[in-house]
Undergrad: 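I have a structure here, written as structure tokens, and I will follow up with some questions on it.
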Amino acid sequence: MRLRRWLPFDPWHLVLAPVCALLAAPLVWMTVSSFMSNAQLNRFPPTIIPGSLHVDGYRSLFHDAALPTWFLNSTIVSLVCVVANLVFCSMAGYAFARLRFRGSGLLLAVMLGTLLIPYQLTLIPTFIIMEKLGLIDTLGAIIVPSLVMPFGVFLLRQFFLSLPREVEEAAWIDGCSRWAILWTIVLPLARPALATVAVITFLVTWNDVSWPAIVISSEARDTLPLGIASFKSRAQTNPGAIMAADVLATLPVLLAFLAAQRTFVRSIASGAVKG
Amino acid sequence: MSTVFAQAPREAPPRAGPGAPRPAARRSLIQRVFGETPTAWLFVLPAVVIIIGLAIVPLVWSLLLSVQDKDPIAETTRYVGLRNYRDLFDDPAFTGAVNHTLVYTAFFVPLSILGGLGLALLLNRRIRFIGLYRTLAFVPVVVSATIQGVLFSFIFDDQFGVANALLDKVGIAPQPFFADGRQALALLVLASLWAGTSCISFCAVIFLAALQDVPRELAEAASIDGARPRGVFWHVTLPALLPVLVFLLLWQTVEAIQLFDIVYGSTSGGPGQSTVVVVYYIYRSIRDVAYGTGAAASYVVAGGLLLITAATALVARRRAASRWAA
């Protein structure tokens, strides 16, 4: 309390500012060092505040590494998975929330149960299934297991249950089909829940490396995290380029986060607090 | 879950419930087989195929694989009983992996939860620039684990890393960091505390959401009644956070035991075998086409997870029950 009289600002700033700076520090260092030359980086002690900025790292990325390809692969995977999850999770969530069909209770319980299965239990058989489907070493092997996430089905089912059903009933009486009701009436009302599903799917698929590492072996099919991991072991002497690749891989999620911070934070918290 | 308007919107009230009698003769054959709304099956079909096909089927298949031995040359499989499991525990690489995973979990789970709680309490105040502080503190959640691994092995490089440069400035001798097995494991804990979907910031996001749900009047009433800030925290805030705390305890443990991405991005299991964790072991056995061993390893891990989660849930429920009774 005595501090408060001394300082022209709230004393909690003295704690908050260094803590938040520390959390952001690795990202700042990543960005700064991506603009350094290898001469500045490959010496001890390394330069902390560079005297001059270089773009050698970024330039050599496009010469020595297939960065555009990785970027494209990651984009395809994430985009397909987000769209597929939005469509399929909405359909399944709607059926579980509103339609009565034989076995719905059991199916829902089984799907809920799959949330509890540790993912490594399914790794090997899923790999064999992908092999049988001829998808190994293609983007399809990454995409197919993530087409529908049980989490999305539940989230949307809960959301649909909370919507008033009178509008849907009126539309049904007027001769609207189930399909049309879902697309024209229910989904426009469900934007916040759909945003959550999109955000989580994007984050998970863009950042995932364990499954792609198992099913992908040729560099032309690498996603960003895979490409960067292999580039790291290949280009030990070129840290500037590795950091530049890190920056470029982080930039899309970072920009998405800054643009829609509220949605991101709400999406991440929604699973825990409501669930 | 009780819709009948699909059938008789005019006569029946919408919430008549599943027990509403309806003459069976008026229902078509398809409806009698598939239930009242046969199209519903089309709605759930994609989800059912993917989720059942790639979760339930593999679950059983894995169990079968774990008691089989496949000859890669003759392409024959035969039943070997529990031999894969026995081999597993005779393999020092596997027992080492279990060991590393347990050590990692023992440090990571409490540190991340306590750190997250602390950060959330810090961020839960009305102060200028709080928006900026929250942005800075939450950003690490979206950083991918590979990037974390790569970035940390760069920062903590034993020769050119900036960490040694900073240690040098304050007069501490340079450390081997990732070149030393023990330090490498500690750095893995540090890296996953910093970023990713189970880091301190992630816990803070969840705690903060729960803190904002705690009714302000409760804390105010307590302080009017003479409770000190510490008393308010222990007797009002913390009990309200209990469900979230239990959730995080489970989530963080599961995430810790399934650690893979950061290892893949930084140490690849080294130096030597010192950072091989169980999922990394399974990953290597898939690469070596040793499916039997890999499947057995994954069942051992799953069994361990089941025990831990069950124990946590039980203790948490008892704790919660005694608290509400008191």
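Side chains are part of it too, since the values below use all heavy atoms of this structure and drop only hydrogens, waters and symmetry mates. Here is the naming used below: chain letters follow the sequence lines, and residue numbers restart at 1 for every chain.
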Undergrad: With chain A, which of B:I130, B:V143, B:I147 has the greatest number of heavy-atom pairs at distances under 4.5 Å?
TA: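 Answer, by heavy-atom pair count under 4.5 Å with chain A: B:I147.
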
Undergrad: Between B:L305, B:I127, B:L42, B:V139, which residue shows the highest count of heavy-atom pairs closer than 4.5 Å to chain A?
TA: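 Going by pairs under 4.5 Å, I would pick B:I127.
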
Undergrad: In this structure, are over 12 heavy atoms from other groups packed under 6.0 Å from B:W194 atom CH2?
TA: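 More than 12 heavy atoms, drawn from other residues, nucleotides or ligands, come within 6.0 Å of this atom.
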
Undergrad: Count the heavy-atom pairs under 4.5 Å between each of B:Y283, B:F154, B:F138, B:F260 and chain A, then report the option with the highest count.
TA: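 Max contact count across the listed options: B:F154.
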
Undergrad: Heavy-atom distances under 4.5 Å only: say whether B:V60 touches chain A with side chain, backbone, both or neither.
TA: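 Answer is neither: B:V60 stays 4.5 Å or more from chain A.
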
Undergrad: Which bit of B:L119 comes within less than 4.5 Å of chain A, counting heavy atoms only: side chain, backbone, both or neither?
TA: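 Contact with chain A: side chain only.
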
Undergrad: Using heavy-atom distances under 4.5 Å, tell me whether B:L122 contacts chain A through its side chain, its backbone, both, or neither.
TA: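 Its backbone and side chain both get close to chain A.
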
Undergrad: Side chain from CB out, backbone as N, CA, C, O: work out which of these in A:A84 comes under 4.5 Å of a heavy atom of chain B, or both, or neither.
TA: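 Neither part.
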
Undergrad: What distance separates A:F127 CZ from A:L135 CG, expressed to the nearest 0.5 Å?
TA: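 It comes to 11.5 Å.
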
Undergrad: Heavy-atom cut-off 4.5 Å, strictly under: side chain, backbone, both or neither for A:L107 against chain B?
TA: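 When you check distances to chain B, only side chain atoms of A:L107 fall under 4.5 Å.
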
Undergrad: Hey, what do you get for CH2 (A:W29) to CD1 (B:I155), rounding to the nearest 0.5 Å?
TA: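 Output value for this atom pair is 8.0 Å.
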
Undergrad: Taking A:G103, A:P225, A:S90, A:S217 one by one, which has the highest count of heavy-atom pairs under 4.5 Å against chain B?
TA: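 Ranked by heavy-atom pairs under 4.5 Å with chain B, first place is A:P225.
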
Undergrad: Classify the ring geometry of A:F202 against A:W206: parallel below 30°, tilted from 30° to 60°, perpendicular beyond 60°.
TA: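 Rings of A:F202 and A:W206: tilted, 30 to 60°.
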
Undergrad: Measure A:V19 against the heavy atoms of chain B and call it side chain, backbone, both or neither at under 4.5 Å.
TA: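 Just its side chain gets close to chain B.
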
Undergrad: Among A:V253, A:V153, A:L121, A:I129, which residue forms the greatest number of heavy-atom pairs with chain B at distances under 4.5 Å?
TA: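 Of A:V253, A:V153, A:L121, A:I129, A:L121 has the most heavy-atom pairs under 4.5 Å with chain B.
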
Undergrad: Would you mind checking which part of A:I214 comes under 4.5 Å of any heavy atom in chain B, side chain (CB onward), backbone (N, CA, C, O), both or neither?
TA: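 Both backbone and side chain.
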
Undergrad: With a 4.5 angstrom heavy-atom cut-off, could you sort out which part of B:S268 is near chain A: side chain, backbone, both or neither?
TA: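 Contact with chain A is absent: no heavy atom of B:S268 under 4.5 Å.
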
Undergrad: Who wins among A:A24, A:S233, A:P26 for the most heavy-atom pairs under 4.5 Å with chain B?
TA: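 The option with the most such pairs is A:P26.
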
Undergrad: Could you state the interatomic distance from CD1 (A:I268) to CG (A:L203), rounded to the nearest 0.5 Å?
TA: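 Result: 6.0 Å between the selected atoms.
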
Undergrad: Please state whether the side chain, the backbone, both or neither of B:S66 comes within less than 4.5 Å of a heavy atom of chain A.
TA: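 Neither part.
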
Undergrad: With a 4.5 angstrom heavy-atom cut-off, is it the side chain or the backbone of B:L132 that approaches chain A, or both, or neither?
TA: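 Neither part.
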
Undergrad: Mark yes or no for whether A:N207, through its side chain, and B:A145, through its backbone, hold a donor-acceptor pair below 3.5 Å.
TA: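 No, A:N207 side chain to B:A145 backbone: no donor-acceptor pair under 3.5 Å.
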
Undergrad: Is A:S33 close to chain B through its backbone or its side chain, or both, or neither, when contacts mean heavy atoms under 4.5 Å?
TA: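 It is the side chain, since no backbone atom gets that close.
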
Undergrad: Taking atom CD1 of B:I262 and atom OG1 of B:T267, what is their separation to the nearest 0.5 Å?
TA: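 The CD1 atom of B:I262 sits 10.0 Å away from the OG1 atom of B:T267.
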
Undergrad: Would B:Y280 and B:Y264 count as a close aromatic pair, with their ring centres under 6.0 Å?
TA: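 When the ring centroids of B:Y280 and B:Y264 are compared, they turn out to be at least 6.0 Å apart.
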
Undergrad: Please state whether the side chain, the backbone, both or neither of B:T146 comes within less than 4.5 Å of a heavy atom of chain A.
TA: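 Looking at B:T146, just its side chain touches chain A.
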
Undergrad: Heavy-atom distance under 4.5 Å to chain A: side chain of B:L54, backbone, both or neither?
TA: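 The answer is both parts of B:L54.
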
Undergrad: Identify all side-chain donor-acceptor contacts of residues 108-116 of chain A below 3.5 Å with residues at least two apart in sequence or on another chain.
TA:
| from | atom 1 | to | atom 2 | distance (Å) |
| --- | --- | --- | --- | --- |
| A:T114 | OG1 | A:M111 | O | 2.6 |

Undergrad: Quick one: of B:R287, B:Q148, B:R134, B:K169, who has the most non-hydrogen atom pairs under 4.5 Å with chain A?
TA: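 Going by pairs under 4.5 Å, I would pick B:R287.
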
Undergrad: Does B:T101 reach the main-chain N or O of B:V278 with its side chain, forming a donor-acceptor pair under 3.5 Å?
TA: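 Side chain of B:T101 to backbone of B:V278: a pair is present.
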
Undergrad: Of the backbone (N, CA, C, O) and the side chain (C-beta and beyond), which part of B:I282 lies under 4.5 Å from a heavy atom of chain A, both, or neither?
TA: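 Interface part for B:I282: side chain.
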
Undergrad: What class does the angle between the rings of B:Y133 and B:F129 fall in, given that below 30° is parallel, 30 to 60° is tilted and above 60° is perpendicular?
TA: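 It falls in the perpendicular class, over 60°.
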
Undergrad: Chain B: which of A:G152, A:P145, A:A213 shares the most heavy-atom pairs with it under 4.5 Å?
TA: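 If we count pairs closer than 4.5 Å to chain B, A:A213 comes out on top.
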
Undergrad: By a 4.5 Å heavy-atom criterion (distance strictly below it), what part of A:V144 contacts chain B: side chain, backbone, both, or neither?
TA: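 The answer is both parts of A:V144.
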
Undergrad: Quick one: of B:Y299, B:F152, B:W61, who has the most non-hydrogen atom pairs under 4.5 Å with chain A?
TA: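 Heavy-atom pair counts peak at B:W61.
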
Undergrad: Please state whether the side chain, the backbone, both or neither of A:L224 comes within less than 4.5 Å of a heavy atom of chain B.
TA: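 Contact with chain B: none, neither part.
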
Undergrad: Look up atom CD1 in A:I242 and atom OG in A:S34, then write down how far apart they are to the nearest 0.5 Å.
TA: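 Nearest 0.5 Å value for the CD1-OG distance: 12.5 Å.
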
Undergrad: Please answer whether the main-chain N or O of B:V279 pairs with a side-chain N or O of B:Q258 as donor and acceptor at a distance below 3.5 Å.
TA: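 Checking the backbone N and O of B:V279 against the side chain of B:Q258, no donor-acceptor pair under 3.5 Å is found.
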
Undergrad: Test side chain to side chain donor-acceptor pair (under 3.5 Å) on A:R178 and A:Y94; report intermediate values, then the result.
TA: CA-CA 10 Å; A:R178 282 289 173 195; A:Y94 184 71; 3.2 Å; yes

Undergrad: Tell me, out of B:L136, B:I257, B:V205, B:D261, who's got the most heavy-atom pairs with chain A below 4.5 Å.
TA: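 Of the candidates given, the most pairs with chain A belong to B:D261.
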
Undergrad: Rounded to the nearest 0.5 Å, how far apart are SG of A:C89 and CG of A:L156?
TA: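 A:C89 atom SG to A:L156 atom CG measures 6.0 Å (nearest 0.5 Å).
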
Undergrad: Quick one: what part of B:L63 sits under 4.5 Å from any heavy atom of chain A, side chain, backbone, both or neither?
TA: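 When you check distances to chain A, no heavy atom of B:L63 falls under 4.5 Å.
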
Undergrad: Please check: side-chain N/O of B:D157 versus main-chain N/O of B:Q159, any donor-acceptor pairing under 3.5 Å?
TA: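 Yes, the answer is positive, given that a donor and an acceptor are paired below the 3.5 Å cut-off.
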
Undergrad: For B:L151, which atoms come within 4.5 Å of any heavy atom of chain A: side chain, backbone, both, or neither?
TA: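 Its backbone and side chain both get close to chain A.
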
